[in-house]
Amino acid sequence: MLRLPISEVRSDLEKKFIKNRITILVGETGSGKSTQVPQFISSLNNGKERIAVTQPRRVAAINLAKRVAEETKTTLGQDVGYSVRFQNMSSPKTKIKYLTDGMLLRELLLNTNLDQYTTIILDEAHERTIVTDLLMGFLKTLLRKRNDLRLIVMSATLDADKFRRFFDGAEVLYVQGRRFPVQRYYLSKPVEDIVDATVRTAIQIHTGEPMGDILAFLAGQEDIDKAVDLLNDIIENLPKGVPDLVALPLYAALPQQQQLKVFEKVPGNKRKIILATNIAETSLTISGVRFVIDGGTHKVKIWRHDLGLDSLLTMPISKSNAAQRMGRAGREAAGKCYRLYTENDYHGLRSQSEPEIERCDVAFPILTLKLVGVTDILGWNWLERPSKGAILSALTQLYVLKALDDEGQITGLGKKMAVLPLPPHLSAALLDAHQKGISDPVLDIVSCLSIENLIMNPHPDKRDGVNEKRLPFITASGGMGDLIVLRNYVQHYRSLLSSEDRKVWCKELFINYRAMSNVEDIRKQLQIYLKAGNGSRQPEDSADQFGPSTLNEQIIQCFLKGFVGNTALSLPGRTYRTIAGGHTINIHPSSSVFGKKVDAIMYTEYIFTTKAYARNVSPIDLEWLQRIAPHFLSRRTAANDY
DNA sequence: GAGCACTGC
């Protein structure tokens with residue numbers, strides 16, 4: 001296998017590109033493939049090429065477009081541009097367009113031939129996001145239909161063979177990365193307490209190694225906060241003559257302001273140690289890091305389709321994760337990587353992490369396939385086919401939501417659901433609300449549910465104060481549950497007119513201000529899609545239909561249309577029993593319904609961490625359930641008789 | 001009486 005720098009690969013790539021319809025390019029980080037390859041292709045064919053380059057993340061798409069526009073000395077948005085959700089910096093004349101993979105999928109749904117492009121480049125294919133996997137399947141078919149279309153799949157080293165086999169033996173090119181050497185160290189025997197081992201290794205580096213920042217990977221917030229506290233105790237008592245050390249946490253749920261601290265230079269003769277989740281593995285790059293401590297684990301969300309349950313578990317990383325983490329020490333100079341596991345354990349790791357499509361709910365991918373007319377779901381071009389059980393469970397969910405009919409064909413409602421940028425359950429709730437003329441409040445709630453880390457967990461010291469500030473909004477919900485509380489937050493936020501007032505209020509309630517402004521963007525977009533797909537409805541036609549129900553009750557009933565499967569009945573004590581599976585479930589203590597006794601609940605999330613928890617909980621009337629989903633209740637009752 | 005990784009339309 002010959003590896004050359006990108007400039008030397010150029011003529012070879014161009015030859016292969018002209019000769020073959022599909023090329024696979026394997027390049028390590030720092031090879032420049034993401035910026036150079038599109039420019040090489042663009043220079044061919046008298047500049048007539050129209051190139052789409054996909055990225056799994058928004059920032060990457062935007063930054064790459066900016067860099068290539070600079071390199072080609074063109075104005076961003078003209079020859080070189082980008083397109084991500086809420087931001088389009090491209091024109092019909094754009095020759096090189098960087099977009100998120102989700103954006104290309106959306107374009108594909110509107111124009112299944114992708115006629116606007118002559119070349120598609122799928123970058124970071126090794127990350128195996130659900131959307132990249134789907135695109136590969138669609139493109140394999142499209143290449144047979146459009147013989148003027150070309151595809152380049154770009155990936156990191158380890159799994160090129162998988163892509164080569166999928167694309168019937170396409171040729172593979174290798175590009176050398178530009179990286180500094182990183183010295184690896186393993187433990188001689190395994191440790192029990194990973195937090196303690198991380199702290200000890202950090203201090204050892206700090207007292208024994210030249211300057212340069214340290215990046216330590218731990219699985220989650222809890223371990224990270226613990227490590228930061230331990231380090232702070234030690235730092236206070238550092239002997240004289242040892243330079244100062246600053247410990248900083250980094251995870252996605254941390255307020256933006258605190259996240260930004262890891263990028264700031266610390267004044268004086270100080271060393272930074274950043275304790276991070278896998279957010280620092282691919283999403284964020286911190287300069288100045290010379291030392292990496294790899295705890296060897298990460299948290300993985302796994303969907304149990306047999307239980308309808310997500311579990312979030314700490315698992316060993318893969319070799320590919322370990323390589324990526326190690327590489328973070330060698331971006332600017334030679335570095336060192338301390339793996340807090342034995343060399344033997346390393347050899348026991350799997351080479352790649354399980355692709356997303358194998359461990360997530362596939363209701364959304366399958367609805368997408370149905371929308372473009374795929375009838376044989378099991379026999380489709382899956383790069384990795386989900387298990388039959390997972391597919392069957394997704395089909396059942398879609399049937400219960402009335403997105404599919406008895407024959408498994410997509411319904412009119414299913415088509416509307418598939419084009420909304422929401423998971424199918426939320427689409428179902430929103431479309432029901434629209435039909436009833438009460439989309440406004442449901443839009444508020446659905447938008448909140450589409451955003452991660454909106455309502456944050458305050459540090460235990462500040463918890464009581466924050467809860468006190470939140471209390472009026474919970475009281476105002478009249479015991480109707482968390483969805484109504486969310487709406488109360490949005491309404492209050494919107495009633496504040498200046499952004500300064502909004503910021504202050506968010507800070508008091510420990511609500512993420514940036515996420516909240518995102519909620520407003522999403523709401524606007526959903527409203528546009530709703531009107532385009534369904535015509536506008538007037539609220540007044542809802543009055544008769546609902547008789548004496550209050551608006552809040554009507555809102556919950558809309559959600560029940562999407563979440564009939566997420567309901568549970570009261571058991572003695574604090575627990576509930578799920579109607580669908582008969583499993584024991586607890587209300588999460590962060591819920592406004594926690595500690596209250598109600599007959600039945602509906603929840604939008606069912607997740608196992610230390611216990612099985614229901615999150616975003618609303619009390620429901622059993623009568624609503626009987627009216628909305630009699631078939632669901634009777635089917636379950638019958639099944640429970642066996 | 002918890003405390004949850006990361007993305008994306």
Side-chain angles (χ1 to χ4, degrees), chain A residues 54-61 83-88 99-110 124 127-135 217-226 250-254 276-284 295 297-302 310-315 317 321 324 353 356 359-360 364-365 367-368 417-424 426-427 447 450-460 462-463 467 510 518 521-522 525-526 528-529 573-575 586-591 593-596 605 607-615:
Chain A
T54 68
Q55 294 294 323
R57 279 168 292 278
R58 294 161 50 96
V59 265
S83 172
V84 299
R85 191 178 191 178
F86 306 127
Q87 283 183 59
N88 185 5
L99 23 62
T100 42
D101 46 17
M103 211 61 192
L104 187 66
L105 184 63
R106 186 150 283 275
E107 291 188 357
L108 191 123
L109 296 181
L110 297 175
E124 313 284 9
E127 287 195 23
R128 302 293 309 276
T129 67
I130 287 180
V131 177
T132 313
D133 272 22
L134 287 181
L135 284 172
F217 288 97
L218 287 167
Q221 180 175 345
E222 198 183 354
D223 282 356
I224 289 172
D225 288 345
K226 226 192 284 175
L250 178 65
Y251 40 82
L254 207 63
T277 59
N278 42 1
I279 192 172
E281 209 176 287
T282 45
S283 303
L284 297 180
T297 58
H298 57 180
K299 288 200 178 179
V300 185
K301 205 173 199 174
I302 296 168
D310 262 323
S311 28
L312 193 61
L313 306 171
T314 302
M315 310 263 276
I317 57 170
N321 295 129
Q324 182 71 28
S353 292
E356 214 182 6
R359 53 180 175 81
C360 289
F364 158 76
L367 187 60
T368 308
M417 283 168 58
V419 294
L420 285 174
L422 290 172
L426 288 179
S427 293
S447 305
S450 319
I451 297 268
E452 290 291 315
N453 304 318
L454 175 65
I455 312 296
M456 299 183 290
N457 289 330
H459 196 270
K462 293 182 182 162
R463 192 178 51 194
N467 282 346
F510 217 59
N518 225 339
D521 286 340
I522 288 180
Q525 191 186 41
L526 289 174
I528 291 168
Y529 277 118
R574 293 175 173 280
T575 58
N586 305 272
I587 294 178
H588 195 273
S590 65
S591 167
V593 191
F594 180 78
K596 304 217 165 67
E605 217 185 327
I607 186 160
F608 184 94
T609 51
T610 51
K611 276 192 216 170
Y613 285 109
R615 307 201 70 198

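First the proteins, then the strands, lettered A, B, ... as listed; each starts at 1.
- Within the 4.0 angstrom heavy-atom criterion, no nucleotide atom of any strand lies near A/Thr129.
- Judged as a ring pair (Phe, Tyr, Trp, His ring centres under 6.0 Å), and not counting sequence neighbours, A/Tyr529 has no contacts.
- From the 5' end on, the contacts that DNA chain B makes with chain A at under 4.0 Å to a non-hydrogen atom open and close at B/dG1 to B/dC9.
- A/Ala61 is linked by a side chain to side chain contact (heavy atoms under 4.5 Å, CB included) to A/Gln55, A/Val84, A/Tyr98, counting only residues two or more places apart in sequence or in another chain.
- Residue contacts shown for A/Arg57 are limited to sugar-phosphate atoms, with no base heavy atom under 4.0 Å away.
- Shortest non-hydrogen contact noted between A/Ile522 and A/Ser450 is CD1-CB, 4.3 Å.
- The residue among A/Val59 and A/Glu222 whose nearest nucleotide of DNA chain B lies closer to the 5′ end is A/Glu222.
- Nucleic acid contact for A/Thr282: none, since no nucleic acid atom lies under 4.0 Å from a heavy atom of the residue.
- The salt bridge (charged side-chain N to carboxylate O under 4.0 Å, His left out) test applied to A/Glu281 returns A/Arg325, not counting sequence neighbours.
- For A/Tyr251, the side chain to side chain contact (heavy atoms under 4.5 Å, CB included) partners are A/Gln221, A/Ile224, A/Asp225, A/Pro249, A/Ala253, A/Leu254, A/Thr277, not counting sequence neighbours.
- The salt bridge (charged side-chain N to carboxylate O under 4.0 Å, His left out) check on A/Arg58 picks up nothing, with sequence neighbours excluded.
- Nucleic acid contact class of A/Leu312 (heavy atoms, under 4.0 Å, all strands): base.
- Contact annotation for A/Arg463: base contact, defined as any heavy-atom pair under 4.0 Å involving a base atom.
- Across all strands shown, A/Glu452 has heavy atoms under 4.0 Å from base atoms, whether or not it also approaches the sugar-phosphate.
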